[in-house]
Colleague: 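Just dropping this structure here.
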Amino acid sequence: MGTKTKSSKKLQAPKGTRDHYPEDLLRQRYIQHAWRDASLRCGFDEIEGPTFETTDLYSIKSGEGILSELFQAYSGKSPKDVEQVQETGTAPFALRPEFTPTLARMYAARAKQLPKPCKWFTAGPYFRAERPQRGRLREFLQWNIDVIGLPGESAEIKAQMDAEVIECSVRLFESLGVQADSLKLRINDRDAMARFFYSLDVTENQLEQAFSILDRQAKLPADALATMAEDAGLPQAYVQFLTGSVTSGSFDLDAPALDALCTQCIRLNLSPWITKDHSIARGLAYYTGTVFEAIADGERAISGGGRYDNLIELFGGPPTPACGFGLGDVVLGNLLDDKGLMPEGVELMEAVARPQASIRPVAFVVPNGDPDNEPLVHTLVANLRRGIESEEWLARDDRKPWQPDRYAVAPVHARVSYKSTRNLGKLRADAEKQHARYFVEIHGDDKVEITNMDTRESLTSTSGSFHIDPANPGYAGRAIGERA
RNA sequence: GUGGCCGUAGUUCAGUCGGUAGAACACCUGGUUGUGAUCCAGGACGUCGCGGGUUCAAGUCCCGUCGGUCACCCCA
């Protein structure tokens with residue numbers, strides 16, 4: 001009996017880890033299912049890297065913070081390794097604390113042969129030797145989506161890529177039943193903020209500090225912020241901005257990139273989810289432009305992301321702009337629990353068993369060459385990816401996101417072409433290369449042609465033209481959904 | 001890394017001023033009613049996280065330690 005107590009003490013799970021009994025594992029699968037589903041529908045391809053990397057990989061860009069929280073590893077077979085650990089306290093390998101360095105390494109290795117943009121997602125375990133607390137464990141799952149590389153140079157294209165990342169995260173929250181009134185994506189532009197700070201006589205050396213203090217703006221009282229800023233030698237104008245106009249919301253930043261992003265978000269029907277917030281800075285320095293943060297119930301930060309235009313270069317790749325977003329399973333699980341959005345028992349089993357979104361693109365949407373139709377592409381694609389909820393389900397008071405009658409038109413995997421050409425033949429070739437099932441040409445609001453790429457049959461020839469508007473009986477998404 | 005709170009039966013928890021433990025649910029057995037559902041009776045069940053200290057006496061007070069939790073730090 002005594003031995004039993006002793007051995008069970010030794011065999012307990014390490015601090016900050018979780019044992020997943022059947023019901024627990026299903027809950028985790030539910031979240032992973034939602035992650036994969038949203039990513040696939042939005043046209044992201046899944047990748048995975050090793051769960052441990054060489055320690056060097058993490059010392060390239062990181063500060064003390066990351067390095068001190070690494071779980072380090074060595075084989076123990078090489079006397080050199082053992083020696084190194086004893087002498088330097090640093091092992092040759094480390095369990096990965098984040099995905100971005102691996103992503104940068106993987107991208108850099110094949111940068112020349114990869115398409116632009118390259119849309120990748122991954123969801124796997126990460127390890128940080130932190131002290132556990134709410135929403136933060138030492139082993140957790142994290143979902144990452146990244147759009148790497150740009151299909152063109154213009155600011156609009158950059159905004160489009162940013163919007164793709166935001167769109168995908170919104171599709172996730174939507175699919176899990178999180179409402180736009182309880183979760184907001186706060187967006188900001190670090191470039192524009194930097195320009196503004198310089199106009200307040202903040203020096204280049206002070207910039208990082210200025211962002212770092214700005215980032216804590218919501219957490220600390222005004223006088224503490226002022227003291228902190230003054231101690232850092234930041235100019236009075238900055239202090240006034242920090243404690244005054246940024247909180248009142250009256251501050252109007254000159255940020256064309258942010259405006260372009262907002263325009264794109266309107267096209268994608270994302271406006272209820274996003275809000276400009278010039279107090280968002282997102283911690284460390286590698287974010288270069290757009291930054292965003294998902295905030296639940298007006299205070300809790302759930303996740304974040306942004307644009308990191310020089311990171312790939314830092315990891316030995318060609319200069320490549322990129323934008324990404326990450327979300328952990330622990331915080332997300334907490335949020336779903338709090339909102340009553342985590343199914344249990346039979347409902348959980350059935351939700352997890354539901355088929356995953358198609359890996360093969362179901363719809364490939366292109367404009368017919370008329371520039372006026374190009375915005376329609378984004379609107380239709382957003383609706384295809386989101387699906388159309390059924391009226392019966394919407395009318396029910398006890399509706400839950402996992403119920404089988406949720407959708408009148410189920411969400412599907414929809415893609416667009418990133419080629420700048422307006423040549424329909426080239427666009428069709430792009431669709432073929434990506435193995436899309438349906439080729440969708442937009443000739444106007446009420447003139448959408450759909451072709452089955454496998455059979456070469458035109459649905460339009462038998463059913464007439466389809467419509468962009470989901471409320472219209474001839475909605476293109478319904479035609480595709482019925483055949484998908 | 002710093003600080004607050006917590007750790008008692010399989011589970012959720014109670015346990016007063018220090019006097020060597022209790023409830024509910026769950027479990028097992030028997031009985032009743034034509035179901036394995038209800039109800040009744042009975043039963044088993046704990047090194048009070050672990051180690052040390054104070055005391056005649058510690059679940060209770062003190063120190064340490066491990067684990068949990070919340071906040072700070074940090075947020076990749």
Side-chain angles (χ1 to χ4, degrees), chain A residues 1-19 21 23-24 49 51-53 55 57-71 89 94-105 122 124-146 186 190 208-209 211-221 224 228 280-288 291-295 299-308 310-312 314-315 322-334 337-338:
Chain A
M1 203 169 185
T3 43
K4 189 187 170 189
T5 326
K6 269 181 194 168
S7 60
S8 64
K9 187 188 170 187
K10 274 186 181 171
L11 293 175
Q12 66 188 209
K15 181 204 290 218
T17 64
R18 295 167 288 178
D19 289 331
Y21 292 91
E23 172 94 356
D24 310 315
T51 47
F52 68 95
E53 291 273 9
T55 308
L57 187 71
Y58 300 111
S59 41
I60 291 177
K61 79 155 205 227
S62 56
E64 294 294 306
I66 291 181
L67 288 174
S68 68
E69 286 172 353
L70 284 179
F71 275 108
L95 301 187
R96 62 181 183 185
E98 56 165 328
F99 189 67
T100 313
T102 302
L103 176 87
R105 187 175 58 71
T122 188
Y126 296 88
F127 311 87
R128 295 176 190 173
E130 292 183 292
R131 188 146 168 189
Q133 57 178 275
R134 182 173 165 82
R136 175 182 288 185
L137 296 175
R138 294 182 143 195
E139 180 187 32
F140 55 94
L141 298 180
Q142 188 168 309
W143 175 54
N144 282 270
I145 55 176
D146 291 275
R186 295 187 179 167
R190 279 178 69 125
E208 200 171 316
Q209 187 103 47
F211 276 126
S212 151
I213 297 173
L214 177 69
D215 205 33
R216 290 186 229 176
Q217 180 267 341
K219 277 190 174 180
L220 296 171
M228 203 182 280
I280 300 292
R282 291 304 301 162
L284 277 162
Y286 72 72
Y287 287 115
T288 50
V291 285
F292 42 87
E293 204 167 277
I295 293 175
E299 49 161 342
R300 264 195 302 164
I302 298 296
S303 66
R307 182 155 281 288
Y308 46 97
N310 41 35
L311 201 63
I312 303 283
L314 201 61
F315 282 93
C323 182
F325 177 85
L327 171 64
D329 74 314
V330 188
V331 243
L332 182 57
N334 286 343
D337 283 338
D338 293 351

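Letters A, B, ... are given to chains in the order of the sequence lines, protein chains preceding strands, and every chain is numbered from 1. These values consider heavy atoms only, across backbone and side chains, with no hydrogens, waters or symmetry-generated copies.
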Colleague: In this structure, how many angstroms lie between the P atom of A76(B) and the CZ atom of R105(A), rounded?
Modeller: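 Spelled out: CZ on R105(A) to P on A76(B) is 21 Å.
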
Colleague: Cation over ring, R190(A) on F211(A), under 6.0 Å and within 45°?
Modeller: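 Yes - R190(A) lies over the ring of F211(A), closer than 6.0 Å to its centre and within 45° of its axis.
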
Colleague: Expressed in angstrom and rounded to an integer, what is the separation of R138(A) atom CZ from G68(B) atom C1'?
Modeller: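 Computing the R138(A):CZ to G68(B):C1' distance gives 13 Å.
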
Colleague: Within the structure, does a side-chain N or O atom of R216(A) lie under 4.0 Å from either OP1 or OP2 of C74(B)?
Modeller: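 For R216(A), the contact criterion (side-chain N or O under 4.0 Å from OP1 or OP2 of C74(B)) is met.
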
Colleague: If I take atom CG in residue D19(A) and atom C1' in nucleotide G67(B), what distance separates them, rounded to the nearest angstrom?
Modeller: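 Checked: the CG to C1' distance equals 13 Å.
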
Colleague: Given atom NZ of K219(A) and atom C1' of C73(B), what is their separation to the nearest angstrom?
Modeller: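 Nearest whole value for this atom pair: 9 Å.
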
Colleague: Could you please name the partner base of A44(B), counting Watson-Crick and G-U wobble pairs only when both distances are under 3.5 Å?
Modeller: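 Partner of A44(B): none.
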
Colleague: Which atom pair, heavy atoms only, marks the closest approach of P125(A) to T51(A)?
Modeller: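 Minimum heavy-atom contact is CG-CG2, 4.1 Å.
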
Colleague: In Watson-Crick or G-U wobble terms, both distances under 3.5 Å, what is the partner of G3(B)?
Modeller: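 C70(B) - that is the nucleotide pairing with G3(B), both distances being under 3.5 Å.
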
Colleague: Both R128(A) and N334(A) contact RNA chain B. Taking the nearest nucleotide for each, which residue is further toward the 5' end?
Modeller: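 Looking at the nearest nucleotide for each, N334(A) comes out on the 5' side.
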
Colleague: Any strand is fair game: report the nucleotide pairing with U32(B) by Watson-Crick or G-U wobble, both distances under 3.5 Å, or none.
Modeller: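 Partner of U32(B): none.
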
Colleague: Quick one: is R131(A) getting a side-chain N or O under 4.0 Å of the U69(B) phosphate, OP1 or OP2?
Modeller: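 Looking at the OP1 and OP2 atoms of U69(B), neither is under 4.0 Å from any side-chain N or O of R131(A).
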
Colleague: Could you verify whether a donor N or O on one side chain and an acceptor N or O on the other, from E293(A) and S303(A), lie under 3.5 Å apart?
Modeller: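 Looking only at side-chain atoms, S303(A) and E293(A) do not form any donor-acceptor pair under 3.5 Å.
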
Colleague: Just the rounded figure in Å: distance from C1' of U69(B) to CZ of R136(A).
Modeller: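 Taking CZ of R136(A) and C1' of U69(B), I get 14 Å after rounding.
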
Colleague: Is it the case that D146(A) and Y308(A) place a side-chain donor and acceptor less than 3.5 Å from each other?
Modeller: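 The criterion, which ignores hydrogens and geometry beyond distance, is satisfied for Y308(A) and D146(A).
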
